[in-house]
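Structure first, commentary second.
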Amino acid sequence: DAKTTQPNSMESNEEEPVHLPCNHSTISGTDYIHWYRQLPSQGPEYVIHGLTSNVNNRMASLAIAEDRKSSTLILHRATLRDAAVYYCILHSGGSNYKLTFGKGTLLTVNP
Amino acid sequence: GAVVSQHPSWVICKSGTSVKIECRSLDFQATTMFWYRQFPKQSLMLMATSNEGSKATYEQGVEKDKFLINHASLTLSTLTVTSAHPEDSSFYICSADGPRTDTQYFGPGTRLTVL
């Protein structure tokens with residue numbers, strides 16, 4: 001799977017929007033962009049994923065660049081419960097697939 | 001929906017003993033389950049992929065005789081750490097392919113401490 005690059009850490013204030021960037025310049029045409037997050041001392045949880053178009057769900061929005069070499073996870077109003085490590089992962093989908101976790105971005109949310 | 005549980009949530013054992021960790025999909029069937037290990041302040045590392053009714057596929061560098069994986073049913077996979085040593089102390093996390101084939105559902109993790 002292609003590699004992703006994320007900032008090691010970011011900080012935000014409660015109730016403000018957060019934009020978490022991810023670079024994936026070697027993405028292939030069949031790679032989906034997945035985001036998972038891991039709260040302290042817990043297993044990861046799925047956040048959102050997309051292929052080419054921007055995606056929205058109840059947790060977040062995913063903005064994908066036109067050339068697909070970068071994407072941004074958007075939390076519209078950060079809460080203290082959003083403090084976690086956010087992982088941007090590429091995968092070409094299908095069944096029986098493996099996820100390769102990078103170091104992710106540690107998001108700190110200030111009250 | 002799509003809940004994965006792990007048992008126990010934490011375990012402390014003596015060096016040389018074996019420890020079994022269970023991973024269950026509570027409200028769906030999982031053909032494939034994955035086992036990860038996470039050391040403090042590090043990312044998740046995939047250990048193995050297990051498919052129901054067949055042998056697990058281990059990642060390079062993971063000792064299959066030390067980390068025994070059994071996926072006997074569509075809702076249960078077990079990881080047994082045999083002859084555990086202090087360096088095996090880690091956070092073990094399982095996941096399962098769930099109702100959505102493009103999403104993995106993770107368990108809450110099991111913290112293993114080997115004295």
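Source: prediction; values computed, not measured. Below, chains carry the letters A, B, ... as their sequence lines are ordered, and counting in each starts from 1.
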hydrophobic_cluster_shared for Trp35(B) and Leu112(B), side chain cutoff 4.5 Å
yes
Toward chain A, the part of Gln6(B) with a non-hydrogen atom under 4.5 Å
neither
With a 4.5 Å heavy-atom cut-off (strictly below), which parts of residues 101-111 of chain A touch chain B? List them by number.
Phe101(A), Gly102(A), Lys103(A)
Using 0.5 Å steps for rounding, measure from the OH atom of Tyr36(A) to the OG1 atom of Thr103(B).
5.0 Å
For Tyr105(B), is it the side chain, the backbone, both or neither that has a heavy atom under 4.5 Å from a heavy atom of chain A?
neither
Flag yes if Tyr92(B) and Leu115(B) sit in one hydrophobic cluster, no otherwise; membership is Ile, Leu, Val, Met, Phe, Trp, Tyr, and two members link when side-chain heavy atoms are under 4.5 Å apart.
no
Taking the side chain as C-beta and beyond, is there a heavy-atom pair between Phe34(B) and Leu99(A) under 4.5 Å?
no
Does His19(A), at its NE2 atom, have more than 12 non-hydrogen atoms belonging to other residues, nucleotides or ligands within less than 6.0 Å?
yes
With a strict 4.5 Å heavy-atom criterion, list every residue of residues 45-67 of chain A that contacts chain B, or say none.
Tyr46(A), His49(A)
Taking a hydrophobic cluster as the set of Ile, Leu, Val, Met, Phe, Trp and Tyr residues connected by side-chain heavy atoms closer than 4.5 Å, whether directly or through intermediates, do Leu75(A) and Met10(A) fall within one such cluster?
yes
Can you tell if the side chain of Gln38(A) reaches within under 4.5 Å of the side chain of Leu44(B), non-hydrogen atoms only?
yes
Beyond-backbone contact of Ile93(B) with Pro44(A), side-chain heavy atoms, under 4.5 angstrom:
yes
Applying the 4.5 Å side-chain criterion to the ILVMFWY set and letting contacts propagate, would Tyr36(B) and Tyr58(B) be lumped into a single cluster?
no
May I ask whether Met33(B) and Leu79(B) are part of the same hydrophobic cluster, defined by side-chain heavy atoms of I, L, V, M, F, W, Y residues being less than 4.5 angstrom apart, directly or through others?
no
Just by modelled atom types, is the Ser43(B) backbone N or O under 3.5 Å from a matching donor or acceptor in the Tyr87(A) side chain?
no
How many angstroms lie between atom CD of Gln104(B) and atom CD1 of Ile89(A), to the nearest 0.5 angstrom?
8.5 Å
Is it the case that more than 12 heavy atoms not belonging to Lys69(A) sit under 6.0 Å from its NZ atom?
no
